[in-house]
Number of protein chains: 2
Amino acid sequence: MALIAPDKENQIPDIVIGRLPVYLRALAYMHQQGKRTTSSSELGRRLGISSAQIRKDLSHFGEFGKQGTGYHVQHLVKELRLILKLDKIWPVAVIGAGFLGHALASYNGFEERGFQIRWIFDTDPTQIGKVINDIPIQSMNELEKTIELETIKIALLAVPAIHAQSVTDRLVDAGVEGILNYAPINLVVPDHVNVGYSDPVVQLQHMTYYINPNEKF
Amino acid sequence: MALIAPDKENQIPDIVIGRLPVYLRALAYMHQQGKRTTSSSELGRRLGISSAQIRKDLSHFGEFGKQGTGYHVQHLVKELRLILKLDKIWPVAVIGAGFLGHALASYNGFEERGFQIRWIFDTDPTQIGKVINDIPIQSMNELEKTIELETIKIALLAVPAIHAQSVTDRLVDAGVEGILNYAPINLVVPDHVNVGYSDPVVQLQHMTYYINPNEKF
DNA sequence: TGTTACCTGTGAAATATTTCACCATTCTAA
DNA sequence: TTAGAATGGTGAAATATTTCACAGGTAACA
């Protein structure tokens with residue numbers, strides 16, 4: 001008599017989810033270039049990934065290709081956007097209006113890929129009220145109130161490392177569920193909150209392992 | 001008679017290398033806080049990683065801890081810096097002097113972690129000659145000449161996506177071996193060149209898979 | 001000194017991920 | 001109509017990565 005797993009884990013590996021946005025980016029680019037169809041091998045060549053991996057990844061979500069032909073680019077773009085819940089625009093808050101917060105708020109590449117920066121917060125009284133890319137900088141005093149009122153789910157965290165954890169705690173308490181952290185520090189958050197990290201130094205230090213420095217320095 | 005592998009692969013997994021900078025960052029932080037010793041379990045708790053993984057990772061490079069006691073923070077920091085070749089400062093070039101290039105060049109957190117921004121390049125004639133954080137913006141016409149003369153090995157790529165691949169080709173031809181790419185596009189490079197990617201949208205799209213949008217938008 | 005609570009480093013086991021290899025299908029062109 | 005080349009989906013096999021679990025070793029303290 002076989003024992004049946006009561007709650008068969010059938011969830012898709014996170015590592016697979018993490019590749020989907022990369023596929024989407026490449027496919028959207030192809031679409032923009034006027035390309036109608038592509039194949040797992042062509043996509044793999046562009047991304048430096050094996051074709052089998054791409055097919056296997058996509059197979060978790062359905063059958064999107066056609067044997068002999070490949071994938072219809074526009075269709076696959078549409079499907080990936082649905083899977084990643086990008087059929088609506090996600091409103092996003094930027095926390096911190098330093099150089100980096102300014103650069104993020106000024107970047108116009110978010111919207112066509114599913115996001116819109118709608119709020120900017122800072123503590124500096126001399127910054128508050130200034131406008132970046134049509135968005136007025138708000139006081140951090142209004143953080144919780146605004147997050148709850150607007151049900152903001154995603155924030156870009158561009159504050160000094162020393163304040164990153166305390167601001168994170170405030171964001172989480174107010175209901176934020178996704179944080180992209182630019183401060184060079186690890187954040188502690190509850191399980192239901194997703195954190196992404198962007199620390200250029202971490203990435204550079206990863207590279208230096210493989211590079212031989214020259215004698216000059 | 002045993003067949004002996006002629007070229008036994010004994011290299012350390014890249015995924016392990018990728019975690020070392022994160023360990024280093026946390027340890028340097030502890031050191032700054034005045035902490036003398038730590039343990040794999042404490043470090044793991046902070047980073048959301050199992051203690052076994054940390055011990056296993058470090059074991060690839062030697063024995064740095066002491067049973068019953070744990071790790072001497074300052075010592076482990078020193079060892080990790082050696083492993084990652086951070087005992088000297090790596091000079092770095094920023095390509096592109098837009099908002100992002102400006103933010104990168106203005107950031108003062110590089111130096112204490114092993115890097116120094118020393119050059120900034122842009123095509124815009126009205127930008128050339130301007131100074132950011134003591135560094136004058138140079139013309140892209142001087143790119144190859146400067147890279148070769150100074151033997152620049154690492155570059156931060158902050159140019160529009162449309163130019164990213166062609167600039168990359170120039171960097172690689174001139175001798176750059178590590179590129180941190182901020183443009184939302186995949187780069188094709190030879191095997192010996194290391195590329196890191198930083199695209200906030202890719203990270204946000206990864207998160208949205210796990211977050212339920214609210215009804216408001 | 002004896003006892004207890006902690007630690008590391010590490011083989012072995014358990015999982016997770018990637019790759020292989022092949023069938024069925026599609027398209028092209030002779 | 002048929003042959004040949006290309007392609008997706010997918011179990012099975014191969015690899016890679018993580019976790020387990022325990023033999024020492026250390027420190028603190030009664």
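FYI, side chains are in, hydrogens and waters are out, and symmetry mates aren't considered; it's all heavy atoms of this structure. Please read all numbers here as calculations on a predicted model, not as lab measurements. Below, chain A is the first sequence line, B the second, and so on; all start at residue 1.
Below 30°, between 30° and 60°, or above 60°: for B:Tyr209 and A:Phe61 the angle between ring planes is above 60°, a perpendicular geometry.
Using a 4.0 Å heavy-atom criterion, one finds that A:Leu58 contacts no nucleic acid atom at all. Within 4.0 Å (heavy atoms only), A:Ser51 reaches no atom of the nucleic acid at all.
What separates CD1 of B:Ile12 from P of D:dT17 is a distance of 12 Å, to the nearest Å. Atom CG in A:Asp57 sits roughly 12 Å away from atom C1' in C:dT19 (whole-Å rounding). Following rounding to the nearest Å, A:Gln11 (CD) and C:dT15 (C1') show an atom-to-atom distance of 14 Å. Remark: P of C:dC7 and CZ of B:Arg45 are 8 Å apart, rounded to the nearest angstrom. Across the protein-nucleic acid pair, A:His72 atom NE2 and C:dT26 atom P stand 17 Å apart, rounded to whole Å. Residue A:Phe61 contributes atom CZ, which lies 14 Å from atom P of D:dT10 at whole-angstrom precision. The NZ atom of A:Lys66 sits 12 Å away from the P atom of D:dG8 (whole-angstrom rounding). Atom CD1 of B:Ile15 and atom C1' of D:dT15 are 13 Å apart (whole Å).
Residue B:Ser50 has a polar side-chain atom (N or O) positioned under 4.0 Å from OP1 or OP2 of D:dT19. Checking the phosphate oxygens (OP1, OP2) of D:dG8, a side-chain nitrogen or oxygen of A:Ser40 falls inside 4.0 Å. Taking 4.0 angstrom as the limit, B:Arg19 places a side-chain polar atom (N or O) nearer than this to OP1 or OP2 of D:dT18. OP1 and OP2 of D:dA6 both lie 4.0 Å or more from every side-chain N or O belonging to A:Tyr71. Listed pair A:Thr69 / D:dT7 fails the phosphate criterion, with no side-chain N or O lying under 4.0 Å from OP1 or OP2.
Inspection of the B:Asp14 and A:Tyr210 side chains reveals an N or O donor paired with an N or O acceptor under 3.5 Å.
Contact annotation: side chain of A:Lys56 to base of D:dG8, donor-acceptor pair absent below 3.5 Å. A donor N or O paired with an acceptor N or O is found under 3.5 Å between the base of C:dT8 and the side-chain atoms of B:Gln67. If you check distances only, the side chain of B:Glu63 never reaches the base of C:dG9 with a donor-acceptor pair under 3.5 Å.
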- Show your working on salt bridge (Lys or Arg N to Asp or Glu O under 4.0 Å) between A:Asp57 and A:Arg19 and close with a plain yes or no. CA-CA 8 Å; A:Asp57 284 353; A:Arg19 281 190 293 260; 2.7 Å; yes
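How far CD of A:Gln203 is from NE2 of A:His206: 9.5 Å, rounded to the nearest 0.5 Å.
Map B:Arg55 and A:Arg55 each onto its nearest nucleotide of DNA chain C; the residue landing nearer the 5' end is B:Arg55.
A donor-acceptor contact shorter than 3.5 Å is absent between the side chain of B:Gln205 and the backbone of A:Leu86.
With D:dT10, D:dT19, C:dT8 as the choices, the nucleotide that has an atom nearest any side-chain atom of A:Ser59 turns out to be D:dT10.
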